[in-house]
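All remarks here apply to the structure that follows.
Heavy-atom basis, side chains included; hydrogens, waters and symmetry copies ignored.
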Amino acid sequence: MDWITYPVKDDSTYIKDYQLDGTAAVYKDLRYGRGSDKQSLDLYIPHAGKAPYPLIVYIHGGGFIQGDKTRHLMAMLQGLRYGYALAAVNYRLADEAVYPAMVDDVAEGIRFLKAKALQYALDPQRFLLWGETHGAFLACQIGIGGSKGRLDGTSSDHPDDTLCVAGVVDYWAPTSLEELHHLEKVVHKGETVPRSLEELQFQAKGEDLAALLKKSVHPLEHVDGTEPPIYIVHGAEDDVMPLAFSRSYQYTLKAAGNDVALEVLPGTGHGLAHIQNADQIEGTYQFIHRIFAV
């Protein structure tokens, strides 16, 4: 275990009445799987707060072809000063394992954390998933489908630990990999382009790729009103992931009677690199405070 200090923002629109603390314990590279060095996570335990700690599980983006658990951590680290623990999860990328290995890995990471909750003073009833782009796709897939048993049988070491979570924060997730692939084809209008993202993710092309995409999970496919609360954020100027995807999540989940909200950030583009101002993440943390207060 090491101790870290992290930068905090002294911004009155963000701090409000919460305690400000810039120190935390960190457990680096905890292995949750046996098959790859990528099957690891970093766990941050706040100096502030009271055990057992609510836990934010951060799932990085990068299209399943790049990125790691240190990517764009700044917004999530702010949760430490409110007494929330943070787990940043790595998973195998497409150069090592094809989709849906990423889903299985993150699900196993969550089961590992629940199995180790007593050891690390975590509250297994207050786990929240926070993902960006394809990481948000995984968060929605696990948050919506995990409690329904759709990911049962994917665990090797912790099969009895539930995937139920208290909430999900979705930063601009696609609604399905198939729809995203069709969008890419429209954008390029049939021109010769480098291998598509989905060709890399599935290591397939043509009819083989189309068949795999059709079989891939759509998080909104079996929404039934029993989903955990979900908070969706999307940049109004996002030119990579269409706002229509987030609106589809909002509409489908709300129509089923779920607790869901969509925040559209004006003047904001794609990627967490743009989400650094206090007012941009305040709504997210107000949602998290409400979920963790239950």
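Between Ser36 atom OG and Leu93 atom CG the span is 9.0 Å, to the nearest 0.5 Å. In this structure, CG on Asn258 lies 7.0 Å from OG1 on Thr226, to the nearest 0.5 angstrom. Thr70 OG1 to Lys28 NZ: the interatomic distance, rounded to the nearest 0.5 Å, is 7.5 Å. From Arg92, atom CZ reaches atom CG of Asp37 across 12.0 Å, with rounding to the nearest 0.5 Å. Distance check: Met76 CE to Trp130 CH2 gives 4.5 Å after rounding to the nearest 0.5 Å. How far CD of Gln286 is from CD1 of Ile291: 12.0 Å, rounded to the nearest 0.5 Å.
A donor-acceptor pair under 3.5 Å is formed between the side chain of Thr268 and the backbone N or O of Pro266. Under a 3.5 Å cut-off, the side chain of Glu227 and the backbone N or O of Gly225 do form a donor-acceptor pair. A donor-acceptor pair is defined here as one N or O able to donate and one able to accept, closer than 3.5 Å; such a pair exists between the side chain of Asp42 and the backbone of Asp29. Using modelled atom types, one side-chain atom of Tyr91 and one backbone atom of His60 make a donor-acceptor pair closer than 3.5 Å. A distance-only check finds no donor-acceptor pair linking the side chain of Arg126 to the backbone of Ala293 [under 3.5 Å].
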Give the table of side-chain donor-acceptor pairs shorter than 3.5 Å for residues 245-254, with sequence neighbours excluded, one pair per line with atom names and distance.
from, atom 1, to, atom 2, distance (Å)
Ser246, OG, His234, ND1, 2.6
Tyr249, OH, Pro174, O, 2.7
Thr252, OG1, Ser248, O, 2.9

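Residues Leu43 and Ile45 meet the side-chain proximity criterion, which asks for heavy atoms closer than 4.5 Å. Within the 4.5 Å cutoff, no side-chain heavy atoms of Asp105 are placed close to those of Asn90. For the pair Thr284/Tyr171, a side-chain contact is recorded, criterion being any heavy-atom separation below 4.5 Å from C-beta on. Counting heavy atoms from C-beta on, the side chains of Val57 and Leu128 never come closer than 4.5 Å. You'll find the side chain of Val240 stays beyond 4.5 Å of the side chain of Thr133, heavy atoms only. You'll find the side chain of Phe292 reaches within 4.5 Å of the side chain of Ile56, heavy atoms only. The side-chain heavy atoms of Tyr44 and Leu73, taken from C-beta on, include a pair separated by under 4.5 Å. Counting heavy atoms from C-beta on, the side chains of Ile142 and Val165 never come closer than 4.5 Å.
Thr175 and Phe137 get closest at one heavy-atom pair: O-CE1, 3.9 Å. Ala94 and Ile65 make their closest contact through CB-CG2, 4.1 Å (heavy atoms, listed as atom of the first residue, atom of the second, distance). Nearest heavy-atom pair, Ala136 versus Gly131, reported as atom, atom and distance to 0.1 Å: CB-O, 3.2 Å. The minimum heavy-atom distance between Gly143 and Pro228, with the atom names listed, is O-CD, 3.3 Å. Of all heavy-atom pairs between Ala236 and Val264, the closest is CB-CG1, 3.8 Å. Heavy atoms only, all atoms of each residue included: Pro124 and Ala117 are closest at CD-CB, 4.0 Å.
Ring-plane geometry between Phe112 and Tyr32 is classed as tilted, the angle between the planes lying from 30 to 60 degrees on a 0 to 90 degree scale. Aromatic ring pairs are classed by plane angle as parallel below 30°, tilted from 30° to 60° and perpendicular above 60°; the pair His270 and Trp172 is tilted.
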Verify side chain to side chain contact (heavy atoms under 4.5 Å, CB included) between Arg111 and Lys114, making sure each step is shown before the conclusion. CA-CA 5 Å; Arg111 291 188 177 104; Lys114 291 207 171 189; 5.7 Å; no

Val106 and Leu129: CA distance, side-chain angles, deciding distance, side chain to side chain contact (heavy atoms under 4.5 Å, CB included) verdict: CA-CA 10 Å; Val106 176; Leu129 310 183; over 6 Å; no

Can you list the steps and then say if Val168 with Ile144 is a side chain to side chain contact (heavy atoms under 4.5 Å, CB included)? CA-CA 9 Å; Val168 175; Ile144 292 173; over 6 Å; no

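Qualifying side chain to side chain contact (heavy atoms under 4.5 Å, CB included) partners for Ala121, counting only residues two or more places apart in sequence or in other chains: Ala51, Tyr53.
The side chain to side chain donor-acceptor pair (under 3.5 Å) test with Tyr58 is passed by exactly one of Glu132, Lys69, His72: Glu132.
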